[in-house]
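Everything below concerns the one structure shown next.
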Number of protein chains: 2
Amino acid sequence: MTEKVTIADVARLAGVSRQTVSNVLNSPDVVREETRQRVLRAVEELGYRVNQAARQMRTGRSRLIAIRIEPDRDGINGSVLDRFLHGLTESAARSGYRVLLYTADDDQAEVDTFEDLLGAYEPDAFVLTSTHHGDLRTAWLLDRKVPFVTFGRPWSADSAGASHAWVDVDGAAGTAAATRHLLDAGHRVIGFLGWPSGSGVGDDRREGWSRTLAAAGVDPAGLSRATSDGVADGEKAAHDLLRSDLGVTALVCASDSLALGALHAARSPGLAWRPGSDAAERPVAVIGFDDTPVAKAVGLTSLSQPLAQAAAHCVALLTTLLDGQADPGEAPANVLLEPSLVVRQSA
Amino acid sequence: MTEKVTIADVARLAGVSRQTVSNVLNSPDVVREETRQRVLRAVEELGYRVNQAARQMRTGRSRLIAIRIEPDRDGINGSVLDRFLHGLTESAARSGYRVLLYTADDDQAEVDTFEDLLGAYEPDAFVLTSTHHGDLRTAWLLDRKVPFVTFGRPWSADSAGASHAWVDVDGAAGTAAATRHLLDAGHRVIGFLGWPSGSGVGDDRREGWSRTLAAAGVDPAGLSRATSDGVADGEKAAHDLLRSDLGVTALVCASDSLALGALHAARSPGLAWRPGSDAAERPVAVIGFDDTPVAKAVGLTSLSQPLAQAAAHCVALLTTLLDGQADPGEAPANVLLEPSLVVRQSA
DNA sequence: AGGCATGATTAGATCGATCAAAATAAACTG
DNA sequence: CAGTTTATTTTGATCGATCTAATCATGCCT
């Protein structure tokens, strides 16, 4: 282990008191310029770093941000959160914070972990992901006045009074852009593959598609299918939609998993090409969501979320909450980012 | 925020001194059973949790394990580390540790971060991933006697004297199993797609293939191609290998990225099927490595690393290093796990 | 009963930083 | 130049736990 260098060591070398060293680091403006330099030189020479544990004892601030890491349930979409996590770690570091991980199988377990962590490590804030209807977690944190940001909008209808800071990606804007792209390419009858209504994210993404399609004069009714998220599910749903006589030539999907399934369905003989029509040679166009590695690998056009940006905004909101003077009257800020369409072979 | 409960509060409620409460939690055997119960009841009632910062001040132990989170360079293989990370977080929690994240662009930056973290947060140990030849990091940590484990063998030839604890997955065993699987299926001329020699992991994986092939009486010479890791690279290399007149009917690949490229190459007309031969109908078999989501999605047979297990072993080794009495004579332990072949359509 | 080892509990110091308030130095004012 | 104000630095207490060493009980043996 490295020999410990304390603030007292620096003080001794610089010929000042401990408190002056502390001031140089925390309130440089109250220290005379000359002493400041001298102290800084001593800090440099000894390689001094303030001990977080000791600082935390006095200040009550740990400079830790806690976040849950989830197992990639789906397998394909998992990497989205991991990329967000990477961005968060970088942004946090830039603001002098570190990221602490934890796991939890459900909301209740996560709330228990909040309690554990707050008692033991005292993280300054939490970042929540995968927000959903009637989220126990946000209510609990709001109640205890623990600072936090969510990556994902508060979808709950029941969050009547209190609200919180959040950052999200505008799914509807994304699917709208995808739909527009397809319309521009000459497609008219554009289908949608998504999840059963009830999930905020899913409904939002469907909305962007239907709105845009309707605006172009195409009735979206009957052109949408809902299924659980998975390649096989997507394939089945796509099959179903393409087999119908609606003349669907393109599909916008709520995830890359579904889109991948759709691609498979579109490739299966007798469906990808509509025999006897003038568009005979044109395969069904497919657009996914999240721009996962899979999309890149198989040439799937997809919507890319600005995850590093989102993470940076989360940190920015948190530092405002933490460092800024608490202005109780002010409504918590939030940020809505636009995804960008990454065009590849599939559309 | 939650109102803080200190050890003094518990002591007061239980009618004992602070130290007795501390003893109940840390050395239960020195406390009389009856008082122990009384204290535990008080702990329960107040929801007391020991404050890590304060404990750390006295004991010098933070109960933190630090690990780097890397951006998924490749995109496809990235998820491997993320799954490992998830396992690590779970195992660590079970042993009373938390995982602290950091980022670093190269070895030197990572060493700088070691210094930073050790000075500030004092993590009890590090977990290193992506070990490679002449790793600066392990040398630095060994020199400072900072406890750590690597996920990945020490490949360096230069680590003459000192060694360290490690956990790894036996790549050679994996490719050997894959090759055997292909041999059993009747293939004889089995090619290998890997990376330029010099990378420990890559050489190891190639070795398992060549050894097994040779043992089956097939000379591996000329059946191997080396390229950088990427789908396009894999496709090119596979093309090259299949175009040659060696009669390659199957490919073992060092990664799923390469394998995916190989699949593309195999599908391209005139290559997948060998016209005029009796095996005319049989497509080229392909096996990847890492069993990434992409493999699952496209039906690629691949080698799955037991990542959760590996993570658990890492934590086990660390706790031995940390909690166990330091036995300087003992050689650091290490664990080599076998990957398992997940058979899908591609082979 | 006195002497002593053993068991159980407690008081006081300490880890390394910051806060609060006091002490000292420098600058200003009439 | 005394009397203040302002700028700079220092002293002592404190955060919440554990360590060390001391204290208070008990039991056992001769």
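Quick caveat, the model's predicted, so the values are computed rather than measured. Per chain, numbering begins at 1; letters A, B, ... match sequence-line order.
- Between the CZ atom of Arg18(A) and the P atom of dT9(D) there is a distance of 16 Å, rounded to whole Å.
- Heavy atoms of Thr6(B) sit under 4.0 angstrom from primed sugar atoms or phosphate atoms, though from no base atom.
- Scanning atom types as modelled, one donor and one acceptor separated by under 3.5 angstrom connect the side chain of Gln19(A) and the base of dC19(C).
- Taking atom CZ of residue Arg58(A) and atom C1' of nucleotide dA21(C), one finds them 13 Å apart after rounding to whole Å.
- Around atom CD of Glu33(A), more than 12 heavy atoms belonging to other residues, nucleotides or ligands sit under 6.0 Å away.
- Out of dC19(D), dT10(C), dC15(D), the shortest distance to the side chain of Asn23(B) is found at dT10(C).
- Ala42(B) and Ala14(B) make their closest contact through CB-CB, 4.0 Å (heavy atoms, listed as atom of the first residue, atom of the second, distance).
- Distance CD (Gln56(A)) to C1' (dA17(C)): 11 Å, rounded to an integer number of Å.
- Here Thr59(B) lies in heavy-atom contact (under 4.0 Å) with sugar-phosphate atoms only.
- Of all nucleotides listed (dT9(D), dA17(C), dA8(C)), dA17(C) comes nearest to the side chain of Tyr48(A).
- Along DNA chain C, the nucleotide closest to Ser22(A) and the one closest to Gly15(B) are compared, and the more 5′ of them pairs with Gly15(B).
- Under 4.0 angstrom from either OP1 or OP2 of dT10(C) there lies at least one side-chain N or O belonging to Thr20(B).
- The distance from atom NZ of Lys4(B) to atom C1' of dG16(D) is 8 Å, rounded to the nearest whole Å.
- Met57(A) has its CE atom 8 Å from the C1' atom of dG16(C), to the nearest Å.
- Nucleic acid contact for Arg49(B): sugar-phosphate only, since backbone atoms but no base atoms lie under 4.0 Å from a heavy atom of the residue.
- Distance, Tyr121(B) OH to dA17(C) C1': 14 Å, rounded to whole Å.
- Trp166(B) has its ring centre no less than 6.0 Å from the ring centre of Phe151(B).
- Note that Arg68(B) lies outside the cation-pi zone of Tyr102(B), set by a 6.0 Å cut-off to the ring centre and a 45° limit from the axis.
- Across the protein-nucleic acid pair, Asn26(B) atom CG and dT20(D) atom C1' stand 15 Å apart, rounded to whole Å.
- Here Glu115(B) pairs with Arg144(B) in a salt bridge; the nearest charged N to carboxylate O distance falls below 4.0 Å.
- For the pair Arg55(B) CZ and dT18(D) P, the computed distance is 5 Å after rounding to whole Å.
- Listed for the Asp168(A) side chain is a donor-acceptor partner under 3.5 Å among the backbone atoms of Arg153(A).
- For the helix from dA1(C)-dT30(D) to dG30(C)-dC1(D), the angle separating the two terminal helix axes comes to 60°, with each axis derived from five pairs and the value rounded to 10°.
- The 12-atom threshold is not exceeded at CG of Asp105(A), counting heavy atoms of other residues, nucleotides or ligands nearer than 6.0 Å.
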